[in-house]
Amino acid sequence: QVHLVESGGGSVQAGGSLRLSCSASGDTASIHSMGWFRQAPGKEREGVAVLDKTGAISYADSVKGRFTISQDGAEGTLYLQMNSLNAEDTAMYYCAADFRHLPGGPAWYVTGIYDMEDWGKGTQVTISS
């Protein structure tokens with residue numbers, strides 16, 4: 001099990017950028033996949049971007065070319081660089097981790113086939129037009 005804490009959320013104007021961070025503590029060496037998910041008011045949670053230990057990465061179609069997921073190898077901190085933000089990106093953003101090594105890879109988490117095991121409490125991102 002790991003403890004995940006997100007930071008970096010805030011309010012920005014459309015077209016702006018934000019960088020989210022997720023620090024992990026606990027059994028971080030056993031994590032296989034980590035990713036970012038979001039939930040807007042009145043909508044279901046959706047996958048944004050996920051990476052795994054093999055280096056595989058998957059993005060939701062809605063953020064491709066605008067968001068970049070990365071990880072600090074030394075400390076395991078997970079990042080999400082978000083550029084060209086628009087109102088549709090307004091949501092609570094959650095960091096999550098999974099220890100299982102499942103077939104299908106990151107794409108199956110982004111599309112909702114798999115669910116992550118451990119979750120942070122989230123950080124709010126609000127985009128104003």
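Atoms considered below: every heavy atom in the structure, side chains included; atoms not considered: hydrogens, waters and symmetry mates. In this chain, numbering begins with 1 at the start of the sequence shown.
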Classify the ring geometry of W119 against Y94: parallel below 30°, tilted from 30° to 60°, perpendicular beyond 60°.
perpendicular
Any donor-acceptor pair under 3.5 Å linking the side chain of T123 with the backbone of G9?
yes
Which heavy atom in M116 sits nearest to a heavy atom in A97, and how many Å separate them?
SD-C, 3.5 Å
Judged by atom type as modelled, is there a donor-acceptor pair below 3.5 Å linking the side chain of R45 to the main-chain atoms of Q39?
no
Could you tell me whether the side chain of D118 and the main chain of V2 form a donor-acceptor pair under 3.5 Å?
yes
Has the side chain of T111 got a donor or acceptor atom that lies under 3.5 Å from a matching backbone atom of A107?
yes
May I ask you to test the V50-D52 pair for a side-chain heavy-atom distance under 4.5 Å?
no
Counting only N and O atoms by type, is there a donor-acceptor contact under 3.5 Å from the side chain of T90 to the main-chain atoms of A87?
yes
Going only through I, L, V, M, F, W and Y residues with side-chain contacts under 4.5 Å, is there a path from L85 to Y59?
yes
May I have the step-by-step check of side chain to side chain donor-acceptor pair (under 3.5 Å) for Y109 and D98, ending in yes or no?
CA-CA 10 Å; Y109 290 98; D98 201 326; 3.1 Å; yes
Do NZ/NE/NH1/NH2 and the carboxylate oxygens of K121 and E6 come within less than 4.0 Å?
no
Considering only heavy atoms from C-beta outward, does the side chain of Q124 approach that of Y93 to under 4.5 Å?
no
Indicate yes or no: at least one non-hydrogen side-chain atom of S70 is less than 4.5 angstrom from one of Q81.
no
